[in-house]
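Just so you know, these numbers come straight off a predicted model, no measurement behind them.
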Amino acid sequence: MRNLRLFVTCFFLGTFFSFKAQTGGDNTFEFLNLTLSARSCALGGYTLPTKDDDINLVYDNPSVLSNRLHNQLSLSYINYFGDVNYGYTAYAREFKKVGTFAAGLMYADYGKFKETDVTGEVTGSFFASDYCFHISYARPLDSMFSVGASLKTIYSVYEDYWSGGNVIDLSAIYSRESKNFTAAVIIKNIGRQWKGYTPGVIEPMPFEIQAGITKKPKHAPFRMSLILTHLEKWDLTYTDPANPPVTEDPITGEPLKERKLAKFTDKAMRHLHVSTEMILTKNFHIRLAYNYRRRKELLTETKPGLVGFSFGFGMKINRFQISYGHGNYHLAGGTNNFTITTNLADFIRKPSI
């Protein structure tokens, strides 16, 4: 009970901590919020309260790290939009009497660009890319509570412009395995840019607070997750200046009544994320998710399609866990994520007795 009070207290202190709320477009290093693993992609980009023996969950929540991930290695490749590609690799290792650590490196390659002068004449070419290296550590408080942290070092270069910074993620998780229930909270990207792209200009980081729960009903072959995102800011709506909302009746010219309940519901739903994993067999899972905010921001009204939905699967073949995830971002297309995970200990031949 004492640890439960500590968990709740830390959550509310973090929620109301005096950080300026930031969302997409208001800060730098937005690539930190890219979906790195295929499992995360299939679950809509959020795996916060999920806890099992998967190193790919550590980037989204360092408190899931435990000695059960010892010697796990993961490699991910993501085919993004246009010529943009990015990847991620992570490895975990337990050190006796110290704990379990994980290290990961992600990169984002934006492709090759033409370099031109003020008249438009091509004078050469250049590249643009982002990198993030993280070290994560977790510590169990008891059989049900764990806390964790990740230190991320960031390096970004666009042609001759480069920037760097450091951020920390702090998280906690409560896991009741007998009830198939977990709850987690994370405070992400606490830090600063120590060198801006422009001398003397320091930009804010993509700070965010998330919380979520996962529950697997008894005897059911699936588990559901509900995650609340951007708890540091209530209003996540965006008004396109080129397409302002209609405020008057097009025929009579009279002001339209503001539907307060619908407006409140829309703002609330932009924080809510729903996903599920169907555990068909021990070695094969199907994953589905719905991201309301993504759908509202990116759909085309005349042909919404499956924007905001994502899906994928995971299967174990011999010593390898292979996962695929597809995210529908827009009518123009989606992303494809591929991840291979293995435990290096499985390749070490045990001495015969």
Q: State the OG1-CD1 distance between T89 and I340, to the nearest 0.5 angstrom.
A: 11.0 Å
Q: Please evaluate residues N337 and S76 with respect to the criterion side chain to side chain contact (heavy atoms under 4.5 Å, CB included), reporting the C-alpha separation (whole Å), side-chain torsions for both, the decisive distance (0.1 Å), and the verdict.
A: CA-CA 7 Å; N337 296 42; S76 295; over 6 Å; no
Q: Would you kindly say whether Q72 and T341 are connected by a side-chain donor-acceptor distance under 3.5 Å?
A: no
Q: Calculate, to the nearest 0.5 Å, the distance between atoms CG and CG belonging to L73 and D346 respectively.
A: 12.0 Å
Q: Kindly indicate whether a cation-pi arrangement holds for R319 with F347, taking the cut-offs as under 6.0 Å to the six-membered ring centre and within 45° of the axis.
A: yes
Q: Please check this pair: side chain of S171 against backbone of V185, looking for a donor-acceptor N/O pair closer than 3.5 Å.
A: no
Q: Hey, does the side chain of H326 reach the backbone of T335 with a donor-acceptor pair shorter than 3.5 angstrom?
A: yes
Q: Students often mix this up, so state it plainly: with edges at 30° and 60°, are the rings of Y110 and Y158 parallel, tilted or perpendicular?
A: perpendicular
Q: Verify, without hydrogens or angle tests, whether R139 (side chain) and V147 (backbone) share a donor-acceptor contact under 3.5 angstrom.
A: no
Q: Atom CG in N291, atom CD1 in I227: separation rounded to 0.5 Å?
A: 10.0 Å
Q: Taking side chain as C-beta onward, heavy atoms only, is N56 less than 4.5 Å from S40?
A: no
Q: What's the spacing between R192 CZ and E203 CD if we round to 0.5 Å?
A: 12.0 Å
Q: D60 and Q210: side chain to side chain contact (heavy atoms under 4.5 Å, CB included), yes or no, with the steps?
A: CA-CA 10 Å; D60 291 330; Q210 299 176 2; over 6 Å; no
Q: What is the minimum heavy-atom distance between L57 and D52, and which atoms define it?
A: CD1-OD1, 3.4 Å
Q: Under 4.5 Å between side-chain heavy atoms, hopping through other hydrophobics if needed: is there a path connecting L344 to L69?
A: no
Q: Should the ring pair W234 and F264 be called parallel, tilted or perpendicular, given that the plane angle runs from 0 to 90° and is split at 30 and 60?
A: tilted
Q: Looking at N318, I want to see if its CG is surrounded by more than 12 non-hydrogen atoms of other residues, nucleotides or ligands under 6.0 Å.
A: yes
Q: Would you name the heavy atoms of E208 and T229 that are closest together and state the gap between them?
A: OE2-CB, 3.4 Å
Q: Taking S275 for its side chain and A289 for its backbone only, find out whether a donor-acceptor pair lies under 3.5 Å.
A: no
Q: Can you establish whether the number of heavy atoms outside Y161 located under 6.0 Å from its atom OH is more than 12?
A: no
Q: For T119 and D117, test the side chains for any donor-to-acceptor distance below 3.5 angstrom and give the result as yes or no.
A: yes
Q: With a 4.5 Å heavy-atom cut-off, do P217 and F222 have their side chains touching?
A: yes
Q: Test: salt bridge (Lys or Arg N to Asp or Glu O under 4.0 Å). Region: residues 174-187. Which pairs qualify, not counting sequence neighbours?
A: none
Q: Ignoring hydrogens and angles, tell me if any N or O in the side chain of D53 forms a donor-acceptor pair with the backbone of R68 under 3.5 Å.
A: no
Q: Given the rule that I, L, V, M, F, W and Y join up when any side-chain heavy atoms are under 4.5 Å apart, are I213 and I187 in one cluster?
A: yes
Q: Here's one to test your reading of the geometry: is the NZ or CZ of R294 within 45 degrees of the ring axis of Y329 and under 6.0 Å from its centre?
A: yes
Q: At what distance, to the nearest 0.5 angstrom, does CD1 of I168 lie from CE of M205?
A: 11.0 Å
Q: Considering only heavy atoms from C-beta outward, does the side chain of R270 approach that of T237 to under 4.5 Å?
A: yes
Q: Step by step, would you call T339 with Y77 a side chain to side chain contact (heavy atoms under 4.5 Å, CB included)?
A: CA-CA 7 Å; T339 299; Y77 170 75; over 6 Å; no
Q: Side chains of D169 and N189, heavy atoms from C-beta outward: is any pair under 4.5 Å?
A: yes
Q: Does NZ or CZ of K195 lie under 6.0 Å from the centre of the six-membered ring of Y155, at an angle within 45° of the ring axis?
A: no
Q: Would you indicate whether the side-chain heavy atoms of V64 and V58 approach each other to under 4.5 Å?
A: yes
Q: If you look at every heavy atom in S175 and T182, which pair is closest and at what distance?
A: OG-CG2, 3.5 Å
Q: Please verify the inter-ring angle class for W162 with W194; under 30° counts as parallel, over 60° as perpendicular, anything in between as tilted.
A: perpendicular
Q: Atom NZ of K51 and atom OG of S66: how far apart are they, to the nearest 0.5 Å?
A: 6.0 Å
Q: With the side chain counted from C-beta on, respond yes when C41 and T35 share a heavy-atom pair under 4.5 Å apart, and no when they do not.
A: yes
Q: When you compare the side chains of S156 and Y197, does any donor N or O come within less than 3.5 Å of an acceptor on the partner?
A: yes
Q: Quick one: does S150's side chain have a donor or acceptor within less than 3.5 Å of a partner on H134's backbone?
A: no
Q: Look at the side chain of N166 and the backbone N and O of K152, then say whether any donor-acceptor pair between them is shorter than 3.5 Å.
A: yes
Q: Are F31 and Y86 close enough that their ring centres sit under 6.0 Å apart?
A: no
Q: One pair to check against side chain to side chain contact (heavy atoms under 4.5 Å, CB included): F338 and L75. What are the steps and the verdict?
A: CA-CA 8 Å; F338 302 90; L75 300 171; over 6 Å; no
Q: Between the side chain of E94 and the main-chain N/O of H70, is any donor-acceptor distance below 3.5 Å?
A: no
Q: Does any donor atom in the side chain of N336 or Y80 lie under 3.5 Å from an acceptor atom in the other side chain?
A: no
Q: Which heavy atom of R295 sits nearest a heavy atom of P304, and at what distance?
A: NH2-CB, 3.4 Å
Q: I'd like to know if the side chain of E277 reaches the main chain of R223, judged simply by a donor and an acceptor atom lying under 3.5 Å from each other, with no hydrogens or angles considered.
A: no
Q: Under 4.5 Å between side-chain heavy atoms, counting indirect links through other Ile/Leu/Val/Met/Phe/Trp/Tyr residues: same cluster for I135 and I154 or not?
A: no
Q: State plainly whether one hydrophobic cluster holds both L288 and L48, where clusters connect Ile, Leu, Val, Met, Phe, Trp and Tyr through side-chain heavy atoms under 4.5 angstrom apart.
A: no
Q: Shortest non-hydrogen contact from S310 to L43?
A: OG-C, 4.1 Å
Q: Heavy atoms only: give me the nearest L32-P206 pair and the separation to one decimal.
A: CD1-CG, 4.2 Å
Q: Can a donor-acceptor pair be found, under 3.5 Å and without considering hydrogens, that links the side chain of N328 to the backbone of F309?
A: yes
Q: Is there a side-chain contact between L226 and V274 (heavy atoms, below 4.5 Å)?
A: yes
Q: Between F133 and Y59, is there a shared hydrophobic cluster once you connect ILVMFWY residues whose side-chain heavy atoms come closer than 4.5 Å?
A: no
Q: Taking atom NZ of K215 as the centre, report whether more than 12 heavy atoms of other residues, nucleotides or ligands fall under 6.0 Å from it.
A: yes
Q: Quick check: do H230 and R293 have side-chain heavy atoms less than 4.5 Å from each other?
A: yes
